[in-house]
K.L.:
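Below is one structure. I have some questions about it.
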Amino acid sequence: MVARRKVAVVGVALSDCGRVDDATPYALHAQAARRALADAGLDRSLVDGFASAGLGTLAPVEVAEYLGLRPTWVDSTSVGGSTWEVMAAHAADAIAAGHARAVLLVYGSTARADVRAGRRTGTLSFGTRGPLQFEVPYGHTLIAKYAMAARRHMIEYGTTIEQLAEVAVQARANAALNPEAMFRTPVTVDEVLSGPMIADPFTKLHCCVRSDGGAAVLLAAGEYARDCRTSPVWVLGSGESVSHAAMSEWPDFTVSPTAVSGRLAFERAGVRPAEIEVAEIYDAFTYMTLVTLEDLGFCGKGEGGAFVEKGRLLVEGGGLPVNTDGGGLSAQHPGMRGLFLLVEAARQLRGECGERQVRRSDGSPPRLAVASGTGGWFCSSGTVVLGAG
């Protein structure tokens, strides 16, 4: 049997993010890709694998063509926000098996600019075909699905709206330390609760921002890591899972598919949740953070509300710093944000995050991180455990 190769994240980057009115999605893809390759210090001729979703009729063929790549390994998996953790898992497996040397994951979106220019409207629904046809006629929008799940958790476990608001407050506090975050002004629980109602129980600040932006992650076989400009961040383990499409087929609104993907990722990495020092979690809505923390095993089921209280998610003084860049609630959210989680996790492990850098008691950067993405309305999940080089 051929030994499986070690796989590392060797380059990460963001494109211009936030308010970007003068770029196309293709341009943001290219900008992020160039920056990730420069970050790694590897020539693009080494890249023989490519993964992309969300743009073009034949993604990732069109994007690869735009970037001047002719890959021999491709992935166009599209499962919403968790796409990039799932793609990273697939890419790591391909590299480990010798099917590729280096795989570039890249994403870009002008979601905010498109709405502002009238090129599109807000995404209230994913469509009316298939199982969704039985929900859409009743006005069951995307956000309503999340809101209903949050309300179920509140009824089942006594989770309070103030506890959910704490997620937004702490995400904003972390964003205040990030000069690239879209919103940095601190907010209070009262301010979150007094905002305009979007979908009960979510007010505006319980919901992610709408931004433009792109991200790229370059994974490579271990033998190439020594040639890189930065220290490698090793892929230790990953897991993926899907749950449901129709809400009527979701057995328990208080359990996300991360309960499966997280368990698999930790088992394959050979680490326990208690060993994780920083967590990057998909947070289109505050409830997503809370329930994902439970399902990753950082606290028991129904204990998420108490877990997020008293600043536990903060970079400064938090027991488990979560969404250290400010997350989708405050930093940026251009659509399928899962790739941004991997970028931030890698930067934290490399000690490159400046004022928002998480540090151990001896002042060194963390050694273990987890990035966990969620897609659809808790329809899919991908979880990746990363370790410092």
Side-chain angles (χ1 to χ4, degrees), residues 12-23 28 31-32 35-36 39 81 84 107-113 115-116 164-189 191-192 195 203-217 278-286 288-289 292 308 311-318 320-359 365-366 369 371-373:
V12 298
L14 302 183
S15 73
D16 295 345
C17 292
R19 302 170 181 86
V20 186
D21 292 316
D22 56 353
L28 295 180
Q31 189 180 57
R35 290 176 178 178
D39 182 63
W84 309 102
Y107 175 69
S109 168
T110 52
R112 172 203 152 272
V115 170
R116 182 174 181 178
L164 287 173
E166 274 289 347
V167 175
V169 169
Q170 293 174 57
R172 183 61 64 85
N174 291 342
L177 305 175
N178 178 11
E180 297 182 337
M182 199 168 177
F183 294 95
R184 302 180 64 196
T185 303
V187 295
T188 66
V189 168
E191 286 173 323
V192 175
T203 54
K204 181 178 180 179
L205 292 178
H206 282 280
C207 308
C208 65
V209 302
R210 182 186 291 273
S211 77
D212 308 309
V217 169
V278 60
E280 308 298 339
I281 292 172
Y282 208 98
D283 62 338
F285 305 99
T286 52
M288 296 176 74
T289 302
T292 302
V308 302
R312 192 186 294 262
L313 314 184
L314 295 172
V315 168
E316 297 181 335
L320 177 68
V322 172
N323 295 338
T324 49
D325 63 346
L329 292 170
S330 288
Q332 78 289 111
H333 197 300
M336 297 189 292
R337 193 180 178 271
L339 198 52
F340 292 75
L341 309 180
L342 292 166
V343 171
E344 180 68 10
R347 286 176 167 173
Q348 283 289 343
L349 294 179
R350 296 191 326 198
E352 299 174 346
C353 291
E355 193 177 357
R356 70 178 187 280
Q357 179 63 51
V358 175
R359 298 197 178 277
S372 191

K.L.:
With side chains defined as the heavy atoms from C-beta onward, is the minimum distance between Leu341 and Ile281 less than 4.5 Å?
P.N.:
no
K.L.:
What's the verdict on side-chain contact (heavy atoms from CB on, under 4.5 Å) for Val187 and Val192, showing C-alpha distance, side-chain angles and the deciding distance?
P.N.:
CA-CA 7 Å; Val187 295; Val192 175; 4.3 Å; yes
K.L.:
Could you give all pairs that pass the salt bridge (Lys or Arg N to Asp or Glu O under 4.0 Å) test and reach residues 325-336, with sequence neighbours left out?
P.N.:
Asp325-Arg337
K.L.:
Listing request: all salt bridge (Lys or Arg N to Asp or Glu O under 4.0 Å) pairs with a residue in residues 176-188, at least two apart in sequence or in separate chains.
P.N.:
none
K.L.:
Restricting to non-hydrogen atoms, name the atom on Leu205 and the atom on Thr286 that form the minimum distance, rounded to 0.1 Å.
P.N.:
O-CG2, 4.4 Å
K.L.:
Tell me every residue that passes salt bridge (charged side-chain N to carboxylate O under 4.0 Å, His left out) with Asp22, counting only those two or more places apart in sequence or in another chain.
P.N.:
none
K.L.:
Would a 4.5 Å heavy-atom cut-off, applied to side chains only, mark Val169 and Thr188 as touching?
P.N.:
no
K.L.:
My understanding is that only residues two or more places apart in sequence, or in another chain, count here; which of them pass side chain to side chain contact (heavy atoms under 4.5 Å, CB included) with Arg312?
P.N.:
Phe307
K.L.:
Do we get Arg19 above Phe183's six-membered ring, with its NZ or CZ under 6.0 Å from the centre and within 45° of the axis?
P.N.:
yes
K.L.:
Looking at CE of Met288 and CG of Leu329, how far apart are the two atoms once the value is rounded to the nearest 0.5 Å?
P.N.:
9.5 Å
K.L.:
Looking at every non-hydrogen atom in both residues, tell me the closest pair between Gly195 and Thr203 and how far apart they are.
P.N.:
O-CG2, 3.4 Å
K.L.:
Could you tell me which non-hydrogen atom of Leu349 sits nearest to which non-hydrogen atom of Pro365, and how far apart they are?
P.N.:
O-CB, 4.0 Å
K.L.:
Who are the salt bridge (charged side-chain N to carboxylate O under 4.0 Å, His left out) partners of Glu344, not counting sequence neighbours?
P.N.:
Arg356
K.L.:
How many angstroms lie between atom OG1 of Thr292 and atom OH of Tyr282, to the nearest 0.5 angstrom?
P.N.:
11.5 Å
K.L.:
Measure across Leu342 and Ala371 and return the closest heavy-atom pair with its distance rounded to 0.1 Å.
P.N.:
CD2-CB, 3.8 Å
K.L.:
With sequence neighbours excluded, tell me which residues meet side chain to side chain contact (heavy atoms under 4.5 Å, CB included) with Ala13.
P.N.:
Arg35, Ala36
K.L.:
What residues form a salt bridge (charged side-chain N to carboxylate O under 4.0 Å, His left out) with Arg350, not counting sequence neighbours?
P.N.:
Asp39, Glu352
K.L.:
Among residues at least two apart in sequence or on other chains, which ones pass salt bridge (charged side-chain N to carboxylate O under 4.0 Å, His left out) with Arg347?
P.N.:
none
K.L.:
Please report the closest heavy-atom contact between Leu28 and Ala23, naming both atoms and the distance.
P.N.:
CD2-CB, 4.0 Å
K.L.:
With sequence neighbours excluded, what pairs up with Phe340 under the ring pair (Phe, Tyr, Trp, His ring centres under 6.0 Å) test?
P.N.:
none
K.L.:
Keeping the roles fixed (side chain from Gln31, backbone from Asp16), state whether a donor-acceptor pair exists under 3.5 Å.
P.N.:
yes
K.L.:
Taking all heavy atoms of Ala32 and all of Ala216, pick out the closest pair and write down the distance.
P.N.:
O-CB, 3.4 Å
K.L.:
Going by side-chain hydrogen bond (donor to acceptor under 3.5 Å, both in side chains), name the residues that satisfy it together with Tyr107, two or more places apart in sequence or in a different chain.
P.N.:
none
K.L.:
Could you tell me whether the side chain of Gln170 reaches within less than 4.5 Å of the side chain of Pro321, counting heavy atoms only?
P.N.:
no
K.L.:
Not counting sequence neighbours, which residues clear side chain to side chain contact (heavy atoms under 4.5 Å, CB included) with Asp212? List them please.
P.N.:
Val20, Thr110, Arg112, Ala113
K.L.:
Taking the side chain as every heavy atom from C-beta outward, state whether Asp283 and Val167 have any pair of such atoms under 4.5 Å apart.
P.N.:
no
K.L.:
Does any part of the side chain of Gln357, heavy atoms only, come nearer than 4.5 Å to the side chain of Gln348, both counted from C-beta?
P.N.:
yes
K.L.:
With distance as the sole test, does Glu280 use its side chain to make a donor-acceptor pair with the main-chain N or O of Val322 at under 3.5 Å?
P.N.:
no
K.L.:
Is there a donor-acceptor pair closer than 3.5 Å between any side-chain N or O of Asn174 and the backbone N or O of Leu314?
P.N.:
no
K.L.:
For Ser211, which residues count as a side chain to side chain contact (heavy atoms under 4.5 Å, CB included) partner, sequence neighbours excluded?
P.N.:
Met182, Gln332, Pro334
